[in-house]
Amino acid sequence: MSPSPIHKCLKIVYTKTVDNFLLVVSMSLTVAAIVAMARSNTNDLLTDRVQALNHSHQILLMIGLFLATAVTVYIMQRPRMVYLIDYACFRPPHNYRVPSASFAEHVRHVSQFSERSIRFLTRLLERSGLGEETSLPPLSFYIEGHKYSTLEAGLKEVELVIFSAIDDLLAKTGIDPTTIDIVVVNCSGFSPAPSMPDMIVSKYKMRSDIRSIHLSGMGCSAGLISIELAKNLLQAMPQGARALVVSTEILTPNYYLGNERAMLLPYCLFRMGGAAVLLSTSPAKARFRLKHIIRTLTAGDDRSYRCIYQEEDDKGNTGVNLSTDLIEVASNTFKTNITTVAPLILPVSEKLLFALSFVSQKLFKMREKLRMPNLLTGFDHICVHAGGRAVIDGIQRSLCLSDEHVEPSRMTLHRFGNTSSSSLWYELAYVEAKGRMRKGDRVWMIGFGSGFKCNSAVWECIIPASNEDGPWAGCIHRYPVHIR
């Protein structure tokens, strides 16, 4: 039964009043003071004012000094706000595209795969939610691709993915690379020497005093870990410092040749992708404001620790094993993360309703079901890591999200596949390319990764994208598409 217009009106009045409590109180006091002054005799007011000035000017001066000192200390101690200046995503060239028919044909010719593995991969691809335009590195086009899985081939993939994304970012922002103070790169499965940050510094001739860090082995949620790391470094540096964050996963060196089903899943789902993000403590030309980052790590539990595990199979082939506990572990870790995120993003009105429901149950022993907070009131857009169809389905059920809420995640999985830590930026780009982002909108990013980790970031939009440039250029008009 739908609520009546009166019920809707009362709900809006309640929400606005509670969420703006301080404003309502201050305005009420101001109006009361004006009314009192209007009713008072003018001469009495002048006499009272002179007496007050004569007897209490010292007290007022002390209070003023105290308040000024308190405000100064608060401003000095408050961490600097971090802003997202802009971001760019790698868009693979058309000749790297791998249609499902080509992928299925390829696995049939890989001599290491058994007939059982071929059938499994073919069925998995049909149900994966991946479309016909996802991309893989060149070695995936060779029948004996493992022979071409060399260090040189991996470095070429690095240069193609991250340099393309950085070039696009620098073109969009007009930033001189020598003004960047921090470089953070996250890539789990490939860690060459010199490191990827060193490659970036060399390519763009950055300063010698730059802070550079490479995060490896952190899984698909490492993109948000990199954002938090960059945020902490920026807050310790002079005002206006800049940080370049690059998130990617290099596939060339991670070629699995065995027949373990749990290790074949990444082979089917992962695709080329990468993103470059520019952060700063200066709000000049900023497009988003970073509100919160919350990290949850459940590696203390053995099931969580081993649910995504790199190891060798019984034939000595190295791969990433995805256990059957993955979905349950992800759900439990996500719930833990939500308990920390919810108080930060929910409006006061929603917190108050939950508190009243909780008190009525515990104190008054009421039998009504505990009213759970509506997380949809805390954000306008959600970007769930496009790790797979099951992951997106699970989050949609847990949060009671509409199809439109998870549309960016499903369409990113369809168009680009699982691009690991960079998938969240493709999803944000989808929202903007669709023209759905508005000034003041809040975006909730959710990343999952080995460990097991669930990381959240909340952004507030300052300036929406002014055009449809980006990874979705030329194809956004075809989305959303129906996925069987």
J.: Quick one: side chains of residues 103-112, donor-acceptor pairs under 3.5 Å with protein atoms, not counting sequence neighbours, listed by atom name and distance.
T.:
unit_1 : atom_1 : unit_2 : atom_2 : d
His106 : ND1    : Ser140 : O      : 3.3
His109 : ND1    : Glu105 : O      : 2.8
Ser111 : OG     : Glu144 : OE2    : 3.4

J.: Taking everything shown except His94 itself, do over 12 heavy atoms lie less than 6.0 Å from its NE2?
T.: no
J.: Listed by chain and number, what are the ring-ring contact (aromatic ring centres under 6.0 Å, His included) partners of Tyr426, not counting sequence neighbours?
T.: Phe416
J.: Work out which heavy atom in Gly274 is nearest to a heavy atom in Ala165; give both atom names and the distance.
T.: O-CB, 4.5 Å
J.: For the backbone of Asp301 and the side chain of Thr298, can you confirm whether one donor and one acceptor N or O come within less than 3.5 Å of each other?
T.: no
J.: My understanding is that only residues two or more places apart in sequence, or in another chain, count here; which of them pass salt bridge (charged side-chain N to carboxylate O under 4.0 Å, His left out) with Asp168?
T.: none
J.: Find out whether Ile338 and Lys335 are in side-chain contact, i.e. whether some heavy atom of one side chain is under 4.5 Å from a heavy atom of the other.
T.: no
J.: The criterion is ring-ring contact (aromatic ring centres under 6.0 Å, His included); which residues satisfy it with Tyr83, sequence neighbours excluded?
T.: none
J.: Identify the two heavy atoms, one from His405 and one from Leu401, that lie closest to each other, and give their separation to 0.1 Å.
T.: CB-CB, 3.9 Å
J.: Take atom CZ of Arg127 as the centre, draw a 6.0 Å sphere, and report whether it contains more than 12 heavy atoms from other residues, nucleotides or ligands.
T.: no
J.: Partners of Asn321 by side chain to side chain contact (heavy atoms under 4.5 Å, CB included), sequence neighbours excluded?
T.: Ala262, Met263, Glu311
J.: Let's go through Thr412 and Trp425 carefully: what are the C-alpha distance in whole Å and the side-chain angles of both, what is the deciding distance for side-chain contact (heavy atoms from CB on, under 4.5 Å) to 0.1 Å, and is it a yes or a no?
T.: CA-CA 10 Å; Thr412 294; Trp425 299 104; over 6 Å; no
J.: What residues, two or more places apart in sequence or in another chain, satisfy salt bridge (charged side-chain N to carboxylate O under 4.0 Å, His left out) together with Asp325?
T.: Arg303
J.: Using side-chain contact (heavy atoms from CB on, under 4.5 Å), reason through Asn337 and Val341 one step at a time and then give a plain yes or no.
T.: CA-CA 6 Å; Asn337 188 265; Val341 173; 3.3 Å; yes
J.: Is a donor from one side chain sitting under 3.5 angstrom from an acceptor on the other, for Gln396 and Asp403?
T.: yes
J.: Kindly list each side-chain donor-acceptor pair under 3.5 angstrom involving residues 171-178, sequence neighbours excluded, with atom names and distances?
T.:
unit_1 : atom_1 : unit_2 : atom_2 : d
Lys172 : NZ     : Tyr87  : O      : 2.7
Thr173 : OG1    : Leu169 : O      : 2.9
Thr173 : OG1    : Ile175 : N      : 3.4
Asp176 : OD1    : Thr178 : N      : 3.0
Asp176 : OD1    : Thr178 : OG1    : 3.0
Asp176 : OD2    : Thr178 : OG1    : 3.1

J.: Before giving the answer on side-chain contact (heavy atoms from CB on, under 4.5 Å), spell out for Ile446 and Cys383 the whole-Å C-alpha distance, their side-chain angles and the decisive distance to 0.1 Å.
T.: CA-CA 6 Å; Ile446 305 172; Cys383 299; over 6 Å; no
J.: Identify the heavy atoms of Cys454 and Thr333 that sit nearest to each other, and give their distance.
T.: CB-CG2, 3.6 Å
J.: Within a strict 4.5 Å, meaning less than it, do heavy atoms of the Glu312 and Asn317 side chains meet?
T.: no
J.: Taking side chain to side chain donor-acceptor pair (under 3.5 Å) as the test, write out the residues that go with Tyr479, two or more places apart.
T.: His414
J.: Tell me if the CZ atom of Phe163 is crowded by more than 12 foreign heavy atoms within 6.0 Å.
T.: yes
J.: Is it the case that more than 12 heavy atoms not belonging to Lys285 sit under 6.0 Å from its NZ atom?
T.: no
J.: Tell me every residue that passes salt bridge (charged side-chain N to carboxylate O under 4.0 Å, His left out) with Arg436, counting only those two or more places apart in sequence or in another chain.
T.: Glu407
J.: How many angstroms lie between atom OH of Tyr204 and atom CE of Met199, to the nearest 0.5 angstrom?
T.: 10.5 Å
J.: Measure across Ala276 and Leu244 and return the closest heavy-atom pair with its distance rounded to 0.1 Å.
T.: CB-CD1, 4.3 Å
J.: Please test Arg287 against Ile85 for side-chain contact (heavy atoms from CB on, under 4.5 Å), starting from the C-alpha separation and ending with a verdict.
T.: CA-CA 5 Å; Arg287 298 197 47 237; Ile85 306 303; over 6 Å; no
J.: Does CD belonging to Glu152 count more than 12 external heavy atoms closer than 6.0 Å?
T.: no
J.: For the pair Thr339 (side chain) and Thr336 (backbone), establish whether a donor and an acceptor sit closer than 3.5 Å, ignoring hydrogens and angles.
T.: yes
J.: In this structure, are over 12 heavy atoms from other groups packed under 6.0 Å from Glu404 atom CD?
T.: no
J.: Show every side-chain hydrogen bond (donor to acceptor under 3.5 Å, both in side chains) that has at least one partner inside residues 211-221, sequence neighbours left out.
T.: Ser221-Asn455
J.: Among residues at least two apart in sequence or on other chains, which ones pass ring-ring contact (aromatic ring centres under 6.0 Å, His included) with Phe270?
T.: none
J.: Looking at Thr252, is its backbone amide N or carbonyl O close enough to the side chain of Ser149 to form a donor-acceptor pair, meaning the two atoms are under 3.5 Å apart?
T.: yes
J.: Run the ring-ring contact (aromatic ring centres under 6.0 Å, His included) test against Tyr142 and tell me which residues pass, sequence neighbours left out.
T.: Tyr148
J.: Would you mind reporting whether Lys291 and Leu344 have side-chain heavy atoms less than 4.5 Å apart?
T.: no
J.: For Lys231 and Leu290, work out which heavy atoms get closest and say how close.
T.: CD-CD2, 3.8 Å
